[in-house]
K.L.:
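Pasting in a structure now, in structure tokens, and then I'll have a few things to ask.
In what follows, every chain begins at residue 1, and chains take the letters A, B, ... in the order their sequences are listed.
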Amino acid sequence: MGTINSRYKSYCYIENLSQFVGSEVTLRGWVYHKTGKGKLHFIQLRDGTGIVQCVVFKPNVSEEVFERAKSLTQESSLILKGYVREDPRSPVGIEIDVSDLQVIQLTNDYPITPKEHGDSFLMEHRHLWLRSSKQHAIIRVRSAVIKAIRDFFDGNGFKQVDSPILTPNACEGTTTLFETKYFDLGSAYLSQSGQLYAEASAMAHGKVYTFGPTFRAELSKTRKHLTEFWMVEPEMAFFDLDDDMDLAEDLVEYIVQYVLKHCKKELEILERDITKLEKVRRPFYRMTYTEAVDWLNRNNVPIIRKVDGKEIEEPFPWGEDFGAVQEEAIMEQFDKPCIIHRYPAKVKAFYMKRDPQNPELVLAMDMLAPERGGEIIGGSQREDDYNALLERIKEENLPLEAFQWYLDLRKYGSVPHSGFGLGIERTVKWITGARHIREVIPFPRMIYRIYP
RNA sequence: UCCAGAGUAGCUCAGCUGGUUAGAGCACCUGACUGUUAAUCAGGGGGUCAGGGGUUCGAAUCCCCUCUCUGGAGCCA
């Protein structure tokens with residue numbers, strides 16, 4: 001891997017300790033855990049890159065240093081010097097024999113102990129919970145996922161062209177938006193998708209991707225929803241739906257294989273079954289919406305409706321959108337992602353292109369992840385015909401003035417084009433096996449939580 | 001938003017059909033210990049039982065209201 005030459009490289013970090021066996025090093029960090037036994041103290045030191053056991057043996061250090069080591073508490077910050085030694089008794093094979101130790105700050109009453117805690121308590125202390133080893137591993141996987149995404153697109157001739165976060169109008173009129181005042185121009189909204197702007201950029205650059213936060217004021221309270229989440233949205237001129245699906249497969253395969261290669265330790269800490277991830281290789285499964293409905297009915301997965309307060313089970317009707325029950329039933333049979341494509345037009349957004357084979361369908365696709373990973377990608381070929389798009393905007397009662405620029409794209413050199421959005425958090429949740437989506441973003445924003 | 005569940009020590013929880021001064025483990029403080037890694041052993045401090053109202057001789061326990069939190073649904077990535 002290429003690295004940048006800098007003076008910071010000369011610092012010694014725990015992840016590089018194996019290069020320093022037999023020599024003296026200085027480490028800076030925090031006490032992750034400490035145990036003692038009379039004349040012997042064991043400090044689990046973490047420095048952000050890893051954890052190593054440091055041994056303080058009374059005869060080896062001065063009286064003051066031993067007293068300082070004895071007084072250390074969880075999450076106290078310190079600088080220590082010691083010899084790096086291979087030791088089979090250490091979980092990482094390496095240990096530090098401490099010769100000197102300086103306390104930067106002695107911590108009192110660190111709230112997160114090695115014992116169990118409730119979700120609510122940990123979320124209140126998210127700013128500290130980030131230091132715990134599983135949370136630390138998850139955020140490192142997140143970082144790797146983002147790097148994989150950038151490498152993939154940059155290496156395939158895409159340009160990153162960012163979309164605005166403050167927007168004048170709704171992209172998909174259906175979902176709820178966060179509204180804010182915008183000087184004398186009235187209201188602005190936090191973006192719920194960069195797609196429309198990505199389309200404009202694709203007409204300028206061919207293949208582009210936008211990467212940024214998106215905001216949805218939906219009143220959803222589940223473990224796969226955030227009100228602020230990150231999304232990467234590629235958009236490609238001259239791509240049809242099949243090209244779009246191929247690209248989505250390539251991307252997801254690349255991300256998973258990258259994480260398997262670069263995050264072995266993290267996946268181990270997270271106790272992730274990597275044999276399941278190793279199966280994520282092209283080609284993925286594909287089925288049309290209509291095939292999926294047939295499958296549901298052949299396998300007796302009904303839809304449950306409430307009529308007069310009573311729950312009634314009915315066969316799944318063609319034209320209805322899938323809920324969590326249907327998605328999970330379909331995915332149970334698959335050991336790698338599945339793309340479902342060609343949905344009924346009435347359950348999908350206005351900008352999606354009609355299927356020339358069947359006007360009731362749109363050229364849309366969703367990718368569902370196995371192991372209850374849920375929907376990680378939603379995409380489509382876009383409507384590129386001026387009149388067809390205008391018709392759809394009117395049908396949805398969207399403000400025509402706001403979409404004038406978007407219609408312009410169909411007026412000046414319109415071409416077939418496609419794109420999709422991949423949710424970073426849902427992807428990281430699936431890959432890490434995290435229980436809740438709030439664990440895969442450093443500071444989650446949810447319907448009832450905006451602290452810390 | 002709708003449905004369901006929860007709130008007792010810093011944390012995780014027990015506390016029965018109402019009955020003396022509210023309990024445990026961990027964390028914290030003091031001491032012992034040369035191989036711990038959720039160390040062990042001995043001792044110690046720590047409570048507005050979410051808040052308010054009601055029933056009762058008596059409420060953590062029963063009833064009502066409010067607040068907070070958790071999970072699920074719909075919608076979505």
K.L.:
Remember a base hit wins even if backbone is also touched, and classify Leu219(A) as base, sugar-phosphate or nothing at under 4.0 Å, heavy atoms.
P.N.:
base
K.L.:
Does the ring of Phe42(A) lie flat against the base of rG35(B), closer than 5.5 Å centre to centre with planes under 30°?
P.N.:
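Phe42(A) vs rG35(B): stacking no.
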K.L.:
Which listed nucleotide (rC76(B), rC28(B), rG35(B)) is nearest to the side chain of Glu327(A)?
P.N.:
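Comparing rC76(B), rC28(B), rG35(B) against the side chain of Glu327(A), the answer is rC76(B).
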K.L.:
Measure the distance from CG on Leu72(A) to C1' on rC28(B) and round it to the nearest whole Å.
P.N.:
16 Å
K.L.:
Could you give the CD-to-P distance, from Glu328(A) to rG74(B), as a whole number of Å?
P.N.:
10 Å
K.L.:
Taking the side chain of Thr222(A) as its heavy atoms from C-beta onward, which of rA73(B), rC76(B), rG35(B) lies nearest to it?
P.N.:
rA73(B)
K.L.:
Using heavy atoms and a sub-4.0 Å distance, could you list which residues of residues 117-144 of chain A are near RNA chain B? By number, please.
P.N.:
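Nucleic-acid contacts, sorted: His117(A), Gly118(A), Ser120(A), Phe121(A).
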K.L.:
Provide the distance between the two P atoms, one in rC41(B) and one in rC26(B), to the nearest whole Å.
P.N.:
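8 Å, rounded to whole Å.
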K.L.:
Would you check if there is a donor-acceptor pair between the side chains of Asp335(A) and Tyr285(A) at a distance under 3.5 Å?
P.N.:
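Per modelled atom types, Tyr285(A) and Asp335(A) side chains form a pair under 3.5 Å.
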K.L.:
Would you kindly compare Met231(A) and Gln326(A) by the position of their nearest RNA chain B nucleotide and give the one closer to the 5′ end?
P.N.:
Gln326(A)
K.L.:
Just name whichever nucleotide pairs with rC26(B), Watson-Crick or G-U, keeping both distances under 3.5 Å, else none.
P.N.:
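rG10(B) is the nucleotide pairing with rC26(B).
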K.L.:
Mind calculating the distance between NZ (Lys221(A)) and P (rC2(B)) to the nearest angstrom?
P.N.:
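Value for this atom pair: 13 Å.
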K.L.:
Expressed in whole Å, how much space separates the C1' atoms belonging to rG23(B) and rG15(B)?
P.N.:
7 Å
K.L.:
Between rU34(B) and Lys37(A), is there an OP1 or OP2 to side-chain N/O distance shorter than 4.0 Å?
P.N.:
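No, outside the criterion.
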K.L.:
Base, sugar-phosphate, or nothing: which does Asn108(A) touch, judged by heavy atoms less than 4.0 Å apart?
P.N.:
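The answer is nothing, as Asn108(A) stays clear of every strand by at least 4.0 Å.
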K.L.:
For atom C1', what is the distance between rA14(B) and rU61(B), given to the nearest Å?
P.N.:
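After rounding to an integer number of Å, I get 13 Å for this pair.
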K.L.:
Would you say the side-chain atoms of Asp154(A) and Tyr209(A) include a donor-acceptor pair closer than 3.5 Å?
P.N.:
yes
K.L.:
Indicate whether the side chain of Tyr351(A) and that of Gln195(A) have a donor and an acceptor atom separated by less than 3.5 Å.
P.N.:
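Tyr351(A) vs Gln195(A): donor-acceptor pair found between side chains.
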K.L.:
Which is true for Leu226(A) with a 4.0 Å heavy-atom rule: it touches a base, it touches only sugar-phosphate, or it touches nothing?
P.N.:
base
K.L.:
Taking atom types as modelled, is there a side-chain donor on Thr26(A) or Arg28(A) under 3.5 Å from an acceptor on the other?
P.N.:
no
K.L.:
I'd like the P distance from rC49(B) over to rA22(B), given in whole Å.
P.N.:
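After rounding to an integer number of Å, I get 11 Å for this pair.
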K.L.:
Can you tell me if Arg438(A) touches the phosphate of rG71(B), counting only side-chain N or O atoms and a distance under 4.0 Å to OP1 or OP2?
P.N.:
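Affirmative; the distance criterion is met.
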K.L.:
Rounded to whole angstrom, note down the P distance from rC16(B) over to rU70(B).
P.N.:
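Taking atom P in both rC16(B) and rU70(B), they lie 27 Å apart.
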K.L.:
Can you check the Leu45(A) CG to rU37(B) P distance for me, whole Å?
P.N.:
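It is 19 Å, rounded to the nearest whole Å.
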K.L.:
Give one of base, sugar-phosphate or nothing for Tyr448(A), where a contact means two heavy atoms less than 4.0 Å apart.
P.N.:
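Sugar-phosphate only.
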K.L.:
Measure across Lys224(A) and Gly374(A) and return the closest heavy-atom pair with its distance rounded to 0.1 Å.
P.N.:
NZ-CA, 4.4 Å
K.L.:
Check whether any side-chain N or O of Arg449(A) sits under 4.0 Å from OP1 or OP2 of rU70(B), and answer yes or no.
P.N.:
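Checking Arg449(A) against rU70(B): at least one side-chain N or O falls below 4.0 Å of OP1 or OP2.
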K.L.:
Does the pair Arg392(A) and Glu383(A) meet the rule for a salt bridge (charged side-chain N to carboxylate O under 4.0 Å, His left out), with working shown?
P.N.:
CA-CA 10 Å; Arg392(A) 289 291 288 129; Glu383(A) 184 54 74; over 6 Å; no
K.L.:
Compute the ring centroids of Phe152(A) and Phe158(A), then answer whether they are less than 6.0 Å apart.
P.N.:
no
K.L.:
May I ask you to say what Glu228(A) touches in the nucleic acid, namely base, sugar-phosphate or nothing, with a heavy-atom cut-off under 4.0 Å?
P.N.:
nothing
K.L.:
Hey, would you say the Phe334(A) and Phe284(A) ring centroids sit under 6.0 Å apart?
P.N.:
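Distance test on ring centres: not under 6.0 Å, no.
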K.L.:
So, for Val259(A) and Ala144(A), which heavy atoms are closest and what is the spacing to 0.1 Å?
P.N.:
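That closest heavy-atom pairing would be CG2-CB, 4.5 Å.
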K.L.:
Using the P atom as the point on both nucleotides, what is the distance between rG5(B) and rG10(B), in whole Å?
P.N.:
28 Å
K.L.:
Once you round it to whole Å, what is the distance between P of rA77(B) and CD1 of Ile340(A)?
P.N.:
14 Å
K.L.:
Calculate the interatomic distance between Phe322(A) atom CZ and rA77(B) atom P; express it in whole Å.
P.N.:
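Computing the Phe322(A):CZ to rA77(B):P distance gives 15 Å.
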K.L.:
Classify the nucleic acid contact of His41(A) as base, sugar-phosphate or nothing, counting any heavy atom under 4.0 Å across all strands shown.
P.N.:
nothing
K.L.:
Does rG58(B) have a Watson-Crick or wobble partner in any strand here, with both distances under 3.5 angstrom, and which is it?
P.N.:
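By the stated definition (distances under 3.5 Å), nothing pairs with rG58(B).
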K.L.:
If you pin Thr227(A) and Thr35(A) to their nearest nucleotides in RNA chain B, which one's is more 5'?
P.N.:
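Nearest nucleotide further toward 5': that of Thr35(A).
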K.L.:
Among rC69(B), rA73(B), rC76(B), which nucleotide sits nearest the side chain of Arg426(A)?
P.N.:
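Given the options rC69(B), rA73(B), rC76(B), the side chain of Arg426(A) is closest to rC76(B).
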K.L.:
How far does the P atom of rG45(B) sit from the matching atom of rC2(B), given to the nearest Å?
P.N.:
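After rounding to an integer number of Å, I get 49 Å for this pair.
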K.L.:
Taking 4.0 Å as the cut-off, does a side-chain nitrogen or oxygen of His436(A) come that near to OP1 or OP2 on rG71(B)?
P.N.:
yes
K.L.:
Taking the P atom in each of rC28(B) and rA4(B), what is the distance between them to the nearest angstrom?
P.N.:
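These two P atoms come out 42 Å apart once rounded.
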K.L.:
Figure out the CG/C1' separation between Leu106(A) and rC28(B), and round it to whole Å.
P.N.:
13 Å
K.L.:
Rounded to the Å, how far apart are Glu425(A) CD and rC76(B) P?
P.N.:
19 Å
K.L.:
Sort out the partner of rU1(B) for me: Watson-Crick or G-U wobble, both distances under 3.5 Å, none otherwise.
P.N.:
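Across all strands, the one nucleotide that pairs with rU1(B) is rA73(B).
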K.L.:
Give the nucleotide from the list rC75(B), rG74(B), rG35(B) with an atom nearest to the side chain of Glu218(A).
P.N.:
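From the listed options, rC75(B) comes nearest.
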K.L.:
Between the side chains of Ser193(A) and Glu233(A), does any donor sit under 3.5 Å from an acceptor?
P.N.:
yes
